[in-house]
Number of protein chains: 2
Amino acid sequence: MKKAVQKRTLATRAKLIESAWKIISSKGYGALRVEEVVQDAAVAKGTFFAHFPDKDALMEIIIGSKIDTHLDALERQTPPENTDDFIRYLQPLMLFMTSERYVFDVILRHSGAAAKEEIGPIAQTFDRQVRVLAQWLSDGPYRKDVPAMILAEGIQAFAIQCMALHFCAINNELPIQKRMKLYLDAWLCPQNVS
Amino acid sequence: MKKAVQKRTLATRAKLIESAWKIISSKGYGALRVEEVVQDAAVAKGTFFAHFPDKDALMEIIIGSKIDTHLDALERQTPPENTDDFIRYLQPLMLFMTSERYVFDVILRHSGAAAKEEIGPIAQTFDRQVRVLAQWLSDGPYRKDVPAMILAEGIQAFAIQCMALHFCAINNELPIQKRMKLYLDAWLCPQNVS
DNA sequence: TTATAAATATGACCGTGGTCAATATTTATA
DNA sequence: TATAAATATTGACCACGGTCATATTTATAA
């Protein structure tokens, strides 16, 4: 019973997303205004909200696709042999996520997929990232007493913690990568620490 | 060179906060409108923003004070003897933090103290919580190969992860406390796991 | 007491995300 | 090809957080 998705619809949607990319690349994520997007795309404001439930939905698509690009690269890597590799591999993604306070906030807000039925693009990338990490963990010299999925979720939790503290005035004297190293060593190789 | 804080100022501020409490207790946090607060407090809208930089600042005060009450209770507890105790102790606080999606979002947004000079009330509670947890960890039968502060920060990271996943449509089949148990056992007692 | 300066309060106004009934366009049907 | 139904677009309008020049109150000094 699904039919009739007019090509006009696709075109409008693509135009909106393209305009958004353009604005973001010149002014940054936080500076994007719906008003400006529709103006650049030459459609009415209401059209925007006919295509996206809200502004965040558009940001999710755009930020999610950025994250996916990073995950593509990560999937092409050979499994990290130690925690330093882990951190080096994850660095570009974490750098993007902290590139703007606004970006980090949007990611945080949607990492839990809200209470919606639909899983949003960003929540999907989180899910995907856990699977990538779990794969690495199964293949590498890491503790096996805990399920790889749990370890992977833990790494994600630590990464978020590090990024959050990076924005924090109290805690940002310890560089983000240094802190990540402390966490990962303790989390992944408990027997080697001390 | 600081002087002249009129008692009128304190009165107005107190009135605003009291009105906010009143509204929140009857309609919830997410339903609070600045308009309604000033109306209840019988002041002009501009007055609100003369007392608080923005709406979030008020929410921070209110939510922060709630969290502080929980921390007061935690400080009165005897140190937890195992991870189950940990989870039981933390449960009321985590319950509050997830009582509303809006509350959790505000907390997340300010846990990192933003980029401001001033450390906000919520960031302070996070700092305080880490110290409480670190104290427990030093006193109890937990791994000593990692600094207590790092362990404590880890617990905080896991708690946030559990709460975020609790809101998530993909991951909420595993109850929040169950998940926390998995994390904490692996994090605090790596030798006992498996 | 009155003049003056500093602190506080006011409310009209603005920016921006989001809504919705009306209109226009496309597709399906006769 | 005409007409009806479904789908997409429009833009005036609203909600709500936040601003700021002006007015009012309070503290200080003569």
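Within every chain, numbering begins at 1; the chains are lettered A, B, ... in the order of the sequence lines, protein sequences first and strands thereafter.
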Take the protein atom [atom1] of [X] and the nucleotide atom [atom2] of [N], then report the distance between them rounded to whole Å.
X	N	atom1	atom2	value
A:Q39	C:dT16	CD	C1'	14 Å
B:D54	D:dC16	CG	C1'	14 Å
A:L16	D:dA8	CG	P	13 Å
B:Q6	D:dT26	CD	C1'	5 Å
A:K7	C:dT25	NZ	P	16 Å
B:K45	D:dA23	NZ	P	21 Å
A:R13	D:dT9	CZ	C1'	16 Å

Within the pair [X] and [N], is there a side-chain N or O less than 4.0 Å away from OP1 or OP2?
X	N	value
B:R33	D:dC16	yes
B:T9	C:dA7	no
B:T47	C:dT8	no
A:H51	D:dT9	yes

Given D:dT9, C:dG18, C:dA7, which nucleotide is nearest the side-chain atoms of A:F49? C:dG18
Taking the minimum atom-to-atom distance to the side chain of A:R8, which one of D:dT26, C:dT25, C:dG18 wins? C:dT25
Exactly one candidate in B:I160, B:L90, B:I150, B:V130 meets side-chain contact (heavy atoms from CB on, under 4.5 Å) with B:I155; the answer is B:L90
Pair B:W187 and B:Y142, ring centroids less than 6.0 Å apart: no
Ion pair A:D84/A:K181, N-O distance below 4.0 Å: yes
How do A:G46 and A:L32 order along DNA chain C: which one's closest nucleotide is nearer the 5' end? A:L32
Evaluate B:W136 against B:F86 for ring-ring contact (aromatic ring centres under 6.0 Å, His included), listing each step before the verdict. CA-CA 9 Å; B:W136 284 352; B:F86 253 100; 5.5 Å; yes
C:dT29 pairs with which nucleotide, Watson-Crick or G-U wobble, both distances below 3.5 Å? D:dA2
Do A:R179 and A:L165 make a side-chain contact, defined as non-hydrogen atoms from C-beta onward lying under 4.5 Å apart? yes
So, under a plain 3.5 Å distance rule, would you say the side chain of A:K55 forms a donor-acceptor pair with the base of C:dG18? no
Over all strands shown, is B:L58 touching base, sugar-phosphate only, or nothing at heavy-atom distances under 4.0 angstrom? nothing
So what does A:A50 touch, heavy atoms closer than 4.0 Å: a base, only the sugar-phosphate, or nothing? base
